[in-house]
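The first residue of the sequence shown is numbered 1, and numbering continues consecutively from there. Note that the structure is a prediction, hence the values are computed from the model and not measured.
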Amino acid sequence: MDRPLLGSEFVTLTRRLVLSGLAALAAAPATAGTRPTVRVTKDPHCGCCNGWIDHLRAAGFDVEAVDSADLNRVKARLGVPQALASCHTAEVAGYVVEGHVPAGAIERLLAEKPAGRGLAVPGMPIGSPGMEVEGAKPDTYEVILFGPSGRSVFVRYRGAAPV
């Protein structure tokens, strides 16, 4: 049989609800409004670039896409080494993101803020975000942290999953 809540029971219940709600908010992933915008410069006719942009948006990033016929000039201005080049170049929070870098790697980059110019996935690995091919086994590939002090493996992925 239900009974009405007494004053102290109501306060305890309300406090518990508020605290559990705050804990849930703190544990929830950041929403697009709390993350910096990702500015992607891409070829206007590239479908895989649009697939990568969709991947970022699905992960909660705001994305501004800019079509350019001269991506090499953008890559040179941002200091992307030729050996790490891919089909699109992005900028986020002062970092460069080159190619099909998974959203999880970008989230880690923004959280850890390592010294370096940015992240790159050279080429176009099958199964990387935007490069999914139905029925094809995803490639294992490295996300490279690069900058003036050199290059290192930031994380390895198979398709869109870290390994």
Side-chain angles (χ1 to χ4, degrees), residues 20-75 77-147 151-163:
S20 65
L22 290 173
L25 283 174
T31 61
T34 62
R35 293 180 174 174
T37 298
V38 180
R39 186 174 195 267
V40 181
T41 305
K42 65 178 194 64
D43 182 285
H45 307 292
C46 185
C48 69
C49 296
N50 292 328
W52 184 69
I53 289 168
D54 292 343
H55 166 77
L56 292 183
R57 286 182 174 146
F61 284 98
D62 284 328
V63 179
E64 174 191 343
V66 178
D67 290 335
S68 173
D70 195 2
L71 285 173
N72 289 333
R73 177 172 284 158
V74 172
K75 292 174 193 312
R77 176 178 58 82
L78 295 173
V80 176
Q82 208 168 33
L84 299 180
S86 186
C87 59
H88 53 264
T89 303
E91 300 168 77
V92 60
Y95 286 104
V96 177
V97 179
E98 178 68 17
H100 294 268
V101 176
I106 298 170
E107 290 167 345
R108 180 178 160 204
L109 175 78
L110 296 175
E112 294 179 8
K113 297 178 177 45
R117 181 158 291 142
L119 297 178
V121 171
M124 299 164 75
I126 299 298
S128 62
M131 288 298 301
E132 299 88 353
V133 177
E134 189 175 334
K137 181 180 173 187
D139 292 335
T140 299
Y141 57 96
E142 297 175 336
V143 177
I144 306 297
L145 176 66
F146 68 94
R151 301 175 193 169
S152 63
V153 175
F154 188 69
V155 66
R156 294 186 67 186
Y157 275 80
R158 179 172 296 114
V163 293

Nearest-0.5 Å distance that lies between atom CG in D43 and atom SG in C49: 7.0 Å
For S152, all residues meeting side chain to side chain contact (heavy atoms under 4.5 Å, CB included), sequence neighbours excluded: L145
Test side-chain contact (heavy atoms from CB on, under 4.5 Å) applied to C46 and H88, step by step: CA-CA 9 Å; C46 185; H88 53 264; 5.7 Å; no
Qualifying residues under salt bridge (Lys or Arg N to Asp or Glu O under 4.0 Å), relative to E142, sequence neighbours excluded: none
Salt bridge (Lys or Arg N to Asp or Glu O under 4.0 Å) partners of residues 77-96, not counting sequence neighbours, each pair once: R39-E91, R77-E91
Salt bridge (Lys or Arg N to Asp or Glu O under 4.0 Å) contacts in which one or both residues fall within residues 118-137, not counting sequence neighbours: none
Heavy-atom side-chain contact between P36 and Y95 under 4.5 Å: no
V80 to F146 - nearest heavy-atom pair and separation: CA-CE1, 4.2 Å
Residues in salt bridge (Lys or Arg N to Asp or Glu O under 4.0 Å) contact with R73, at least two apart in sequence or another chain: D70
Partners passing side chain to side chain contact (heavy atoms under 4.5 Å, CB included) against P125 (at least two apart in sequence or in another chain): V121, S128, D139, Y141
Inter- and intrachain pairs under salt bridge (Lys or Arg N to Asp or Glu O under 4.0 Å), touching residues 113-130, at least two apart: none
From C48 atom SG to I53 atom CD1, the distance as rounded to the nearest 0.5 Å: 10.0 Å
Residues 96-111, side-chain donor-acceptor partners within the protein, below 3.5 Å, at least two apart:
residue: E98; atom: OE1; partner: K75; partner atom: NZ; Å: 3.3
residue: E98; atom: OE1; partner: T89; partner atom: OG1; Å: 2.5
residue: E98; atom: OE2; partner: K75; partner atom: NZ; Å: 2.6
residue: E98; atom: OE2; partner: S86; partner atom: N; Å: 2.7
residue: H100; atom: ND1; partner: P129; partner atom: O; Å: 2.6
residue: E107; atom: OE2; partner: R35; partner atom: NH1; Å: 3.4
residue: E107; atom: OE2; partner: R35; partner atom: NH2; Å: 2.8
residue: R108; atom: NE; partner: E112; partner atom: OE1; Å: 3.2
residue: R108; atom: NE; partner: E112; partner atom: OE2; Å: 3.0
residue: R108; atom: NH1; partner: F154; partner atom: O; Å: 2.7

Pairs meeting criterion side chain to side chain donor-acceptor pair (under 3.5 Å) with involvement of residues 154-163, two or more places apart: T140-R158
Residue pair V38 / A90: nearest heavy atoms and the distance that separates them: CG1-CB, 3.8 Å
Inter- and intrachain pairs under salt bridge (Lys or Arg N to Asp or Glu O under 4.0 Å), touching residues 118-131, at least two apart: none
Partners meeting salt bridge (Lys or Arg N to Asp or Glu O under 4.0 Å) with D67 (sequence neighbours left out): K42
Point-to-point distance, once rounded to the nearest 0.5 Å, from OG1 of T37 to CD of E64: 7.5 Å
